[in-house]
Number of protein chains: 2
Amino acid sequence: MPHAVQRRPLRADAQRNYDRIVSAARDVFARDGAEAALKEIARQAGTGSATLHRLFPSRRALLEAVFHDRVEELCAMAARRAEESEPGPALLAWLADLNAYASASRGLAASLLHGSRDADLLEQNEGCQAMITDAARELLRRAQQAGAVRPGVRAEDLLALVNAISLATEQHGDDEQAGRLLDIAIQGIQGRAA
Amino acid sequence: MPHAVQRRPLRADAQRNYDRIVSAARDVFARDGAEAALKEIARQAGTGSATLHRLFPSRRALLEAVFHDRVEELCAMAARRAEESEPGPALLAWLADLNAYASASRGLAASLLHGSRDADLLEQNEGCQAMITDAARELLRRAQQAGAVRPGVRAEDLLALVNAISLATEQHGDDEQAGRLLDIAIQGIQGRAA
DNA sequence: ACCTGAACACCGTTCAAGT
DNA sequence: ACCTGAACACCGTTCAAGT
């Protein structure tokens, strides 16, 4: 668990608020999207808005907390794909997993998987984004070694592409198109002789 | 000019406000991005905020007005590329044009080029988006006929991809990555034997 | 016809006051 | 230690009142 976040335990009531907020955030994000009102989340959680801001210093921190479990699943899935299939197919299958997840969550996880570089968010990079990038890097390394994916492609590129596709098709709401775009991306990373 | 918008002329003072708002919007969008505050634009234009909302019923309408000239340039560029080069290279060159424009405007035009399906925006579809889609469709048709691009790819996919890449790398702010992603997309649309 | 600015219902964030 | 809700400075949008 190289990326588990070290945190001293919260006082009992703080922990209760933490859980309530994450639970409310799950619902409200699902209903209103990633730009949902934080005040609404605090309201739904029955907590003061300042409590939310203390426990989660940024919108991103809250999103990380909400999607942490699913990101772990995706990492576990990466390991399983690597065991079950040859390097090339393993990567492609996992990209499909990633895309399914991204479009199922209506692009919610997009900002997580790809991430930004806002100054105050640098420390958060040890969270979901690092986990998923590591998983992608390992699958990609094997696929490139096997010649199934052309060199020059980076793990960050793969995440950015899936992220980009789900961002762009989210507003548009066209799942078929998302499929075609992923197809194009997959064709694009494969070696000429694949 | 199949897509020119028919509008009866505005009264002199209304036209003056219209121009001032577009000019202010150009500056403020460039400074603050596509989510800039409309009230700030009205302020900068020296007009009441209600005037802005009457003249431009949606944020998108204002963006269309601001970027209309550049979109026309892109369409003209498409015609020139088609004249100057063979079908395959013409399309690829134009995609590079499109990408250069998108990243130069820091993803500002993204929502324009790709568009959404919000109910109240349907009539706007006769604007920039339709112009650019027509231009892309013609270049793509020729490239596909020449076998340079595999069938199944649609004009909307190309716009969505460039849009997606510029959206995703805008937050990230990484131009090198944008280049790699466009490369992947271009590889992805080409026929196997290209 | 067109314009204005106050009014309304919201935000995100912070801070004094409480327990 | 932790929580709360009012306070602050903003939004987008609308509407009465003006010219």
Side-chain angles (χ1 to χ4, degrees), chain A residues 6-25 27-66 108 111 116 118-121 123-124 171, chain B residues 6-25 27-66 108 111 116 118-121 123-124 171:
Chain A
Q6 278 293 353
R7 230 199 303 261
R8 63 191 174 73
L10 297 168
R11 212 172 69 176
D13 53 345
Q15 182 64 50
R16 205 162 40 89
N17 278 333
Y18 184 100
D19 294 339
R20 281 182 179 170
I21 288 172
V22 170
S23 167
D27 294 349
V28 177
F29 280 142
R31 178 160 53 84
D32 297 347
E35 299 302 315
L38 298 181
K39 220 157 194 166
E40 166 71 12
I41 292 173
R43 219 147 31 211
Q44 191 111 344
T47 174
S49 46
T51 300
L52 186 151
H53 282 280
R54 190 165 6 85
L55 259 20
F56 305 94
S58 68
R59 176 181 297 271
R60 184 190 168 90
L62 185 50
L63 280 166
E64 294 233 357
V66 167
L108 277 184
S111 48
S116 83
D118 291 358
D120 58 334
L121 295 179
E123 74 264 23
Q124 294 282 355
Q171 304 163 334
Chain B
Q6 279 293 355
R7 230 198 302 261
R8 62 188 173 76
L10 297 168
R11 212 174 66 178
D13 53 346
Q15 182 64 50
R16 205 161 42 88
N17 278 332
Y18 184 99
D19 294 339
R20 282 182 179 171
I21 289 171
V22 170
S23 167
D27 294 348
V28 176
F29 280 142
R31 178 160 53 83
D32 298 348
E35 299 302 315
L38 298 182
K39 221 158 194 165
E40 166 71 12
I41 292 173
R43 222 153 20 217
Q44 192 110 346
T47 175
S49 45
T51 300
L52 186 150
H53 282 281
R54 188 165 10 83
L55 257 21
F56 305 94
S58 66
R59 176 182 298 271
R60 184 191 169 89
L62 185 49
L63 280 166
E64 294 234 355
V66 168
L108 278 184
S111 47
S116 85
D118 292 358
D120 59 332
L121 295 180
E123 75 263 23
Q124 294 284 352
Q171 303 163 335

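Keep in mind the model is a prediction, meaning the values are calculated, not measured. Throughout, a chain's letter reflects where its sequence line sits, starting with A, and its residues are numbered from 1.
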Nearest-angstrom distance from the residue atom CG of B:D32 to P of D:dC10: 13 Å
Euclidean distance, atom CD of residue B:E35 to atom C1' of D:dC11 [Å, nearest integer]: 12 Å
Along DNA chain C (nearest heavy atom to each residue), the more 5'-positioned of B:A50 and B:R11: B:R11
Length of the line joining A:K39:NZ and C:dT14:C1', which is rounded to integer Å: 10 Å
From D:dC11, C:dC3, D:dT4, nucleotide with atom closest to A:N17 side chain: D:dT4
Nucleotide paired to D:dA9 in any strand shown, Watson-Crick or G-U, under 3.5 Å: none
B:H53 side, atom NE2; B:R59 side, atom CZ - distance, nearest 0.5 Å: 9.0 Å
Beyond-backbone contact of A:Q44 with A:K39, side-chain heavy atoms, under 4.5 angstrom: no
Minimum heavy-atom distance between B:F56 and B:A65, given as atom pair plus value: CE2-CB, 3.8 Å
Separation of D:dG12 P from B:L62 CG (nearest whole Å): 11 Å
Proximal nucleotide (of C:dG5, D:dG12, D:dA7) relative to the B:S49 side chain: C:dG5
Pairing partner (Watson-Crick or G-U wobble, both distances under 3.5 angstrom) of C:dT4: D:dA16
Distance in angstrom units between A:D13 CG and D:dC3 P, rounded: 5 Å
Distance in angstrom units between B:R16 CZ and C:dA1 C1', rounded: 14 Å
Nearest-nucleotide comparison on DNA chain D, the residue closer to the 5′ end among B:A37 and A:G46: A:G46
Minimum-distance pair of heavy atoms, taken over all atoms of A:A25 and A:V66: CB-CG2, 3.7 Å
Between D:dC15 (C1') and B:L52 (CG): distance, integer Å: 17 Å
A:R43 side-chain N/O to C:dC11 phosphate OP1/OP2 under 4.0 Å: yes
Selection from C:dC11, D:dG12, D:dC2 that lies nearest to any side-chain heavy atom of B:L38: D:dG12
DNA chain C: 5'-proximal contact among A:H53 and B:R54 (nearest heavy atom): B:R54
Atom pair CD1 (B:I21) and CD1 (B:I41), whose distance is rounded to the nearest 0.5 Å: 9.0 Å
Whole-Å gap separating P (C:dC11) and CD (A:E40): 7 Å
